[in-house]
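Taking it in order: structure first as C-alpha cells, then the write-up.
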There are 2 protein chains.
Amino acid sequence: MTAIGKTARTQRAVERACHEGAKLFSEKGYSETTTRELAAAMDVTNGTFYYYFPSKEDLLRQICEDALAEITAAVTKAVDGAESGLDAVTQMIHSHVRTIVESRHSHTTMLTELRALNGEHRVTIVAARDRYESLVREILASAKADGSLKTSIELAPLTLLLLNLLNWTIFWYRPNMGLTGDEIADRMVTLFLNGAVNPA
Amino acid sequence: MTAIGKTARTQRAVERACHEGAKLFSEKGYSETTTRELAAAMDVTNGTFYYYFPSKEDLLRQICEDALAEITAAVTKAVDGAESGLDAVTQMIHSHVRTIVESRHSHTTMLTELRALNGEHRVTIVAARDRYESLVREILASAKADGSLKTSIELAPLTLLLLNLLNWTIFWYRPNMGLTGDEIADRMVTLFLNGAVNPA
DNA sequence: CATGTACGATCAAGCGCTTGGTTAACAAAC
DNA sequence: GTTTGTTAACCAAGCGCTTGATCGTACATG
C-alpha cells in the first residue's frame with residue numbers, strides 16, 4: 001500500500017512525484033537521482049516526499065507498475081478490433097510505439113531501471129513484464145497460425161526480435177525530431193512485415 | 001593520464017580491472033558498483049585500484065573506448081571483403097551481433113552506462129559512437145545506391161531501426177540460452193532483408 | 001461572529017552510514 | 001637501494017530516511 005491515498009491533494013502529489021520521478025530517473029538514472037532533487041522538482045523538501053512514499057524504491061515500483069499497466073491496456077485494446085492476424089500485428093506495433101514515445105519517461109524508466117528494484121518489488125514487476133511479452137508473443141502466434149507470417153523464423157526468436165525493434169527506440173526518440181510515433185511505427189511495420197530488400 | 005602503462009604486470013592489472021569492471025557495471029550498473037567491490041573482484045583493496053586508475057569514471061571511459069574500438073574494427077573488417085551491398089549488410093549484422101554477444105559485458109556497459117560520463121570523457125565516447133553509427137549508415141547507403149535495398153524507407157530511419165534490432169539483444173542474450181550469436185544474426189538478416197510475412 | 005481545536009501537510013535539521021578518493025608506511029622485485 | 005606495488009586507515013561529502021515542531025485551513029463550539 002502506497003500510504004495514504006485519502007484526499008485529492010494527496011493524489012495530486014503522488015501523481016506529481018511519479019511524473020517528475022520518471023523524468024529524472026529516465027534522464028539521470030535511478031541511483032544518480034537524489035530524493036532532494038526529486039523533492040525540489042515537486043517544489044517541496046525531501047522530508048515531504050517521505051510523507052507520500054515509504055521509500056525512494058517504492059516510487060520506482062509505482063512508476064514501473066503504471067507504465068506496464070498502460071501499455072498492456074493500450075495494446076490489448078488495439079488488437080481487440082483487429083480483423084486478421086496481420087492487422088493485429090500492425091495495430092500492436094502502432095499501439096506499442098505510440099505508448100512508449102508518448103509516455104517515454106515512465107517507459108524508459110521501466111525498461112532500464114528495473115534492476116534497481118529488490119525482492120518482492122522486483123518479482124512483481126518482472127512478472128507483469130513477462131505477462132506483457134506473452135501478450136506480444138500470442139499476437140504473433142495467431143498471425144503465424146492463420147498463415148500470415150512465415151514459419152522459417154521460430155516464434156520465440158521472432159518475438160524477441162520484434163521487441164528489439166520496438167524498444168530500443170526509447171534511446172533515441174525525442175519529441176521534436178520531426179517524426180511522430182505513428183510515422184516511426186509505419187516504417188517498423190513495413191520493415192517487420194516485408195523487409196528492406198528492393199522487390200523490383 | 002591513465003598513469004603508468006610501463007610493466008607487463010601493470011598492463012595485466014589494467015586489463016583485469018576492465019574485465020571485472022565491465023562485468024560489474026553491466027550487471028549492477030555503474031553507480032551501484034563501489035570501488036571496493038571492484039577491487040575485491042581484482043583481489044586487491046580499493047587503494048590499489050587507484051594506483052592503476054585516476055578515478056572510477058576513468059575506468060568506465062576505458063571500457064567504453066575499448067568496446068567501440070572493438071566493434072568498429074570488427075565491422076570494418078567484415079564489410080571489407082563484401083562482394084555486394086547486400087552481402088555487406090549481411091556481414092555487418094553478423095559481425096555486430098557476434099561482437100556484442102561475445103563481449104557482452106563491455107558492450108552492455110558502453111551502450112547503457114554512457115550517461116555516467118561527464119565533460120570531456122563523455123564527448124570523446126559520444127563522438128566515437130557517432131562515428132560507428134555513421135559506418136553502419138554508410139553500409140546501408142551503399143546497399144541502397146546499388147539498388148539492393150528499397151527506397152521507401154529513408155536512410156536515417158532505416159539505420160535507426162537496424163540498430164534497434166541489433167542492440168536490444170544485450171538485454172536478453174545469455175551464453176547458455178541455446179542460440180549462438182550467429183544463429184541470432186541469421187534470423188535478423190532474414191527479418192531485416194525479407195520481413196516476416198509469408199511469401200506463399 | 002469570534003475562537004478553539006484537530007488534522008493534513010510541510011519544513012529544517014540532523015542521524016547513521018556509505019561513498020569516491022587519499023596517504024603514510026611498508027613489502028617485493030629488479 | 002631505488003623503483004614498483006600493496007595495504008590499512010582515514011577523510012570530507014553526500015546519501016536515504018527520520019523527527020519534532022510548525023503552518024494553514026476546515027469546522028465545531030461558545
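A, B, ... follow the sequence lines: proteins, then strands. Residue 1 opens every chain.
A salt bridge is absent between Arg137(A) and Glu133(A): the closest approach of a Lys/Arg side-chain nitrogen to an acidic carboxylate oxygen does not fall below 4.0 angstrom.
Taking atom CZ on Arg16(A) and atom C1' on dA9(C), their separation rounds to 15 Å, with Å as the unit. Atom pair Leu24(A):CG and dC15(D):P shows a separation of 13 Å (rounding to whole Å applied). Distance CZ (Arg12(B)) to P (dA29(C)): 12 Å, rounded to an integer number of Å. Distance CG (Leu38(A)) to C1' (dT10(C)): 16 Å, rounded to an integer number of Å. Atom CE in Met42(B) sits roughly 12 Å away from atom C1' in dG5(D) (whole-Å rounding).
The ring pair (Phe, Tyr, Trp, His ring centres under 6.0 Å) contacts involving residues 57-105 of chain A comprise His96(A)-Tyr132(A), where partners must be two or more places apart or lie in separate chains. Within the structure, salt bridge (charged side-chain N to carboxylate O under 4.0 Å, His left out) contacts touching residues 79-101 of chain A (residues at least two apart or in different chains) are Arg98(A)-Asp182(A). Counting only residues at least two apart or on different chains, the ring pair (Phe, Tyr, Trp, His ring centres under 6.0 Å) pairs with a member in residues 158-200 of chain A are Trp168(A)-Phe171(A). Applying the salt bridge (charged side-chain N to carboxylate O under 4.0 Å, His left out) test to residues at least two apart or on different chains, the pairs with a partner in residues 140-159 of chain A are Glu154(A)-Arg187(B).
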Quick one, give me the B/S/- string for nucleotides 16-24 of chain C, reading 5' to 3', where B means a protein heavy atom under 4.0 Å from the base and S means that only happens at the primed atoms, P, OP1 or OP2.
---SBBB--
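With sequence neighbours excluded, the residues forming a salt bridge (charged side-chain N to carboxylate O under 4.0 Å, His left out) with Arg115(A) are Glu113(B), listed by chain and number.
For the pair Thr45(B) and dT6(D), the criterion of a side-chain N or O lying under 4.0 Å from OP1 or OP2 is not met.
Closest approach to the Tyr51(B) side chain among dT4(D), dG8(C), dA8(D) is made by dT4(D) (side chain taken as heavy atoms from C-beta onward).
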